[in-house]
Structures are given as C-alpha cells and as structure tokens.
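Following: one structure in structure tokens, then a few remarks.
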There are 2 protein chains.
Amino acid sequence: MSDQTQAPAVRPSKGERTRARILASAAELFAASGFHAVSLRDIAAHVGLTHAGLLHHFPGKESLLIEVLSHRDREDAKVLFRVDPEDSPQEFLRLIVGVVHRNMRTPGLVSLYAKISTEAVDPAHPAHTYFVRRYALLRGQLTAAFTALAARTDPRPDYDPELTAQMLLAVMDGLQTQWLLAPATVDMHAAVVAFCARIGLDFSDAPPLPDHRSDPEPSPTSIMSAEAET
Amino acid sequence: MSDQTQAPAVRPSKGERTRARILASAAELFAASGFHAVSLRDIAAHVGLTHAGLLHHFPGKESLLIEVLSHRDREDAKVLFRVDPEDSPQEFLRLIVGVVHRNMRTPGLVSLYAKISTEAVDPAHPAHTYFVRRYALLRGQLTAAFTALAARTDPRPDYDPELTAQMLLAVMDGLQTQWLLAPATVDMHAAVVAFCARIGLDFSDAPPLPDHRSDPEPSPTSIMSAEAET
DNA sequence: CACGAAACTAACCACGTGGTAGGTTTTACC
DNA sequence: GGTAAAACCTACCACGTGGTTAGTTTCGTG
C-alpha cells in the first residue's frame, strides 16, 4: 500500500501523456481563438508534434474539441456535483459562486467556454448539442436549488426560481466576456456576489475553490459529460 | 420641397445598393457562424456576386466586418442616444430594456453581437478594439444612469452603480447565448425585467422598440461608431 | 536483447481561402 | 447616343487546411 508500489502500476503510457498534452494545448488555443481560427497544425506545433502525429491520437478536429470540453466537464463535475441542489441549495449556490472566483485565476478556462458556447449556437457546429445539453442541465440544477431555497425561506421570497436560474447563469456568462475584454475594470466575482445579494443570498465570504492543479483520471460516472452523437 | 423633388436626387447608386446588400448578407452570415467560419465566397454567393466583385466594394474581409458592426451601431445609436442617461436615467434604462425586447424579434442581430464579441476577446481579432471600446462606453453610460437614479431615490438605494451596470450588461449578454441555444426555454425579456425588478425598477410594461424596418443613411455624428485603426 | 505495437514523421492529396490583375459589362451623366 | 467610370467577372496566385498513406523511430513487455 505504499506510494512506491502504486506509482509504477499507474504510470501513464507515452501515448496517454501525449494525449494529455494535446488536450491541454487544444484547450489553450481554442480558448484563445475559438475552434475555427485554430488549425490542427497550430495545436500540433504547440505540443511539439506534427499534425499527422496528433491525428494518430484523435480521429479528427471535431472529436478533439468534444474531448477537450468533456474533459473539462469531468473536472467541474467533481466540484459541483458533490452537493445535491435540492438537499443543500445554499451550499450548491455557494459552490457556483466559488467557481466564478476560481475562474478569475484561469482566464483560459473562462475563455474556452465563453468562446465555444457562442460558436456552438450554430447548429452545424460540432459542439452544438453539447452546449444545448449543458445549459439545460445547469438551468435545471439551479432552478431546483432556487426552488428548494424558496421553500425553506420564511417569508417566501417573491422571485421565480426558473427566471432567477436563467439570470444567474446569464450574469456569470455575460461577465466572462466583459472580464476577458477589460480585466482591470470588471470584477466578475464582486458582480456575481452583488447579484446574489439582490436575491437575498450573502456570499461575500464565499471561499475560493481549489485550483486546477492536477488532472486525475477521468471519472467513470461523469454526470456532465455529453457524448456527442456526430 | 415635395417628395417628388427629393426622391430622384437621393436615389442610391447601383454601387450603394450592392454595398447595402453585401452588408446585410455579411451581417447575416457572420451572425450565423462567426467571422472565421464564413468566407468571402460564402458572402458573395449569398449576395449573388463573385468574391472578387465583393472585394471591389470592400478592401478586405476585416474591413467588411468592421463596417458591418459600425453600420449596426449607427442604427442602435439613433435609438439609445436620444436620451441622456444623466438627465433621464429611468427613460434611458427603459430604452435598454426595450432593446432586449426588440432583439427577440431579430435573432440574427443578437447572434451577431454575441458571436463576434467573444471572438473579439482575442487581441488579434479585427474587431478587438471595437468591442473593448463598445463595452467601456456602455458601462460608462449605464453607470451614469444608475448613479443619477440613485441620487434621485429616497431612501438612497444600496447598490453600487458601477457593479450594477456590469451586471445588467452581463445579464443581457449572457441571456443572448442561452436564448440562441434554447429559444423556447429562455425568455430574455422576462429575465431582464425580473433583474430590473431586483434593483427597484419596474419595467413590466416597457413598450417594444420599433423594428429594424428601414436602414436610412448613416448619421454623420455617430457616437457609438468605433473607427478601427487597423 | 528481440519483437510487435504504438507513436511519430514526411510526403502527398483535394480543396478552400483572401487577394490580385486584366478584361467585360453595366451604369450614370452629358 | 456616346463615353468614362463603376461594377462585376474570369482566371490566376500562393498559401493553408483536414485528412491519408507509407515509412521510421520509440516504447513497452517478455
């Protein structure tokens, strides 16, 4: 059971290590410039491979994008879905706000979702289905949290849980673009906390979430992972 | 001074008419798929020209994009800037909400700004400077409106005008992407009105703005037009 | 160390892209 | 109607793109 006996058994193969580097580079470059403006050769050069080498690991550009997104979702799921929004709505919302605070330390991650989600509005985009589902899921979770919270609040608050869920998601998304365009002017976290204050939630002391320091193996039961059908 | 003496003198030339069709097609296609995923040949075919014919009217793809954006700004400016945010803050905010309501009838226009603004986060993007300025201007105007509104409200409201401006812009922007991805589920207008209710503004009866039915000549004093320096 | 599989490269392919240049057609004006 | 300019087209250019194929190098295991 010592670390020595475990480390050699789980050492990633050369291919797995290269795949991880490809995913990291693709995430970074897609985040910077979007899917269409980044070529396979760009990503491959960033990794230190040829584009044909990259295509040995991933069957094509579109499946690479889906894998980048799914990979990041599994990371988020570990944080967000350890709390049930109906059982602990306040804690769930606190985690959501914590995600915003953490995101301010990872502009690349913010940019990835901001950039690709708007591209994915186009039904022909490889990640279109992925984002339709992702937003539906998040709205559902947040609506459940606000509904549960309202049921526990006396006097009962006068907000519509579904509209409020849409608003909170919108504030978070909308602030990303503004922040990316003017990071010195726009304070994402303060604005989200201020929004929550508007609906009666005090998260002014919400602690930050842990950084993305490690990328452990993907969880086999990924809730947020959308397997693309393309 | 009769209409008959004016109409022949101001009839657009063939070139002007073609330019207008190019701008409309470019706006539509950029809105659908973004700058990078649309080629000049796509736009030209949509107009019914060759791409070389298109390039007779616009010196290049990048300047075409800037012109599309500036053109739409002049249209918005006519609506938004007929009211001074400091003199009539409530009326100004009412117009902002009216813009959202109107936008629900023009998915293409919504998509254009949503799509290109996130692309433009990339400093190498042709519209980067344009959007940095646009957001700064809008934040300034909204901050001025909320500041003036707070000064006229007794007891003084407890919101920070600058954060609130960021939040309102964020809600409007963030709702666009959600709406474009799930138009049957997300009600942009209701969510924005609900947000305003959260800060003490009742716009539940805000009237819609006029449609984009006509495209009159550009105003010579366009406030929101950002002349690109590229 | 040997060997098969994985990882990776070089070269190729067909196609698409923004832009250029010269020629043809259309427009606008006198 | 004549003419010059504007509008538009055809053909070309160099380059970039995602993907394929065959060969070479590296890895992992016995």
Side-chain angles (χ1 to χ4, degrees), chain A residues 5-26 29-30 32-68 116 119 122 124-127 228 230, chain B residues 5-26 29-30 32-68 116 119 122 124-127 228 230:
Chain A
T5 58
Q6 284 193 334
V10 297
R11 185 179 185 241
S13 66
K14 180 68 191 292
E16 283 161 340
R17 281 178 275 127
T18 302
R19 278 176 61 98
R21 287 165 46 226
I22 292 168
L23 287 172
S25 289
L29 297 186
F30 287 150
S33 307
F35 179 70
H36 290 297
V38 173
S39 70
L40 288 175
R41 285 172 170 87
D42 294 330
I43 299 165
H46 199 260
V47 177
L49 293 181
T50 64
H51 91 277
L54 190 153
L55 286 172
H56 170 79
H57 295 276
F58 295 94
K61 191 182 182 186
E62 297 189 355
S63 53
L64 174 60
L65 174 65
I66 298 299
E67 187 58 37
V68 165
I116 305 295
E119 281 187 354
D122 181 357
H125 194 278
T230 51
Chain B
T5 58
Q6 286 194 333
V10 298
R11 187 188 184 232
S13 66
K14 181 67 192 294
E16 283 162 339
R17 281 179 275 127
T18 302
R19 278 176 61 101
R21 285 164 48 224
I22 292 168
L23 286 172
S25 290
L29 297 186
F30 286 149
S33 308
F35 178 72
H36 291 296
V38 173
S39 69
L40 288 177
R41 285 173 172 86
D42 295 330
I43 298 166
H46 199 260
V47 177
L49 292 182
T50 63
H51 90 278
L54 190 151
L55 286 172
H56 169 78
H57 294 277
F58 296 94
K61 192 182 180 186
E62 297 190 356
S63 53
L64 173 60
L65 173 65
I66 299 300
E67 188 57 38
V68 166
I116 306 295
E119 281 187 356
D122 180 358
H125 194 277
T230 52

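What's counted below: heavy atoms across the whole structure, side chains too, no hydrogens, waters or symmetry copies. Order of the sequence lines fixes the chain letters, A, B, ..., with proteins taken first and strands second; residue numbering starts at 1 for each chain.
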Could you tell me whether Arg19(A) contacts a base, only the sugar-phosphate backbone, or nothing, with contacts defined as non-hydrogen atoms closer than 4.0 Å? nothing
Could you check how far NE2 of His36(B) sits from P of dT17(C), rounded to whole Å? 14 Å
How many whole angstroms separate atom NE2 of His56(B) from atom C1' of dA21(C)? 14 Å
How long is the line joining CZ of Phe58(A) and P of dG18(D), in whole Å? 15 Å
On a heavy-atom basis, which atom in Leu54(B) and which in Leu49(B) lie closest, and how many Å separate them? N-CD1, 4.1 Å
Rounded to the nearest 0.5 Å, the CD1 atom of Ile22(B) sits from the CZ atom of Arg17(B) at a distance of 12.5 Å
Just how far, in rounded Å, is C1' of dC15(C) from NZ of Lys61(A)? 15 Å
Side-chain-base donor-acceptor pair under 3.5 Å for Arg41(A) and dG16(D): no
Contact class for His51(A) vs. all strands (heavy atom < 4.0 Å): base, sugar-phosphate, or nothing? base
Integer-rounded Å distance: dT27(C) C1' and Arg11(B) CZ: 10 Å
Is Thr18(B) close enough to dA7(D) that one of its side-chain N or O atoms is under 4.0 Å from OP1 or OP2 there? no
Relative to the ring of Phe30(A), is the ring of Phe35(A) parallel (under 30°), tilted (30 to 60°) or perpendicular (over 60°)? tilted
So what does Thr50(A) hit on the nucleic acid, given a heavy-atom distance under 4.0 Å: a base, only sugar-phosphate, or nothing? base
Nearest-neighbour nucleotide for the Asp42(A) side chain, dT20(C), dT17(D), dT20(D) considered: dT17(D)
Which is more 5' along DNA chain C, the nucleotide nearest Gly15(B) or the one nearest Val38(B)? Just name the residue. Val38(B)
Using whole Å, what does the distance between atom P of nucleotide dG18(D) and atom CG of Leu64(A) come to? 10 Å
Given dT17(C), is OP1 or OP2 found less than 4.0 Å from the side-chain N or O atoms of Ser39(B)? yes
Could you check if a side-chain atom of His57(A) sits within less than 4.5 angstrom of a side-chain atom of Val47(A), using non-hydrogen atoms only? no
Could you work out which one of dT17(C), dA28(C), dA7(D) sits closest to the side chain of Arg17(B)? dA28(C)
Could you please name the option among dA7(C), dG19(D), dA7(D) that lies closest to any side-chain atom of Lys14(B)? dA7(D)
Rounded distance (Å) that lies between atom P of dT17(C) and atom CG of Leu65(B): 17 Å
Write down the distance between CD1 (Ile22(B)) and C1' (dA7(D)), rounded to a whole number of angstrom. 10 Å
Distance check, rounded to the nearest 0.5 Å: Asp42(B) atom CG versus Ser33(B) atom OG? 8.0 Å
Inter-end axis angle, the helix from dC1(C)-dG30(D) to dC30(C)-dG1(D), with every axis fitted to five base pairs (rounded, 10 degrees): 30°
Is any side-chain heavy atom of Ile116(B) closer than 4.5 Å to one of His125(B)? yes
Would you indicate what Leu55(A) reaches in the nucleic acid, counting non-hydrogen atoms under 4.0 angstrom: base, sugar-phosphate, or nothing? base
Look at the side chain of Leu49(A) and decide which nucleotide, out of dA7(D), dT9(C), dA7(C), has an atom nearest to it. dT9(C)
Which of the following nucleotides, dC8(D), dT10(D), dG28(D), is nearest to the side chain of Ser13(A)? dG28(D)
For a quick test of reading the model, state the closest non-hydrogen atom pair linking Gly34(A) to Glu119(A) and the distance between them. CA-OE2, 3.5 Å
Leu40(A) has its side chain closest, among dT17(C), dC8(D), dG19(D), to dG19(D)
Does a side-chain N or O from His57(B) land closer than 4.0 Å to OP1 or OP2 of dC8(D), or not? yes
Report yes if the side chains of Phe58(B) and Leu40(B) come closer than 4.5 Å at any heavy-atom pair, otherwise no. no
Looking only at the side chain of Ala52(A) (C-beta and beyond, no hydrogens), which of the listed nucleotides dA21(C), dA11(C), dT17(C) gets closest? dA11(C)
Report yes if some heavy atom in the side chain of Arg11(A) is under 4.5 Å from a heavy atom in the side chain of Glu16(A); otherwise report no. no
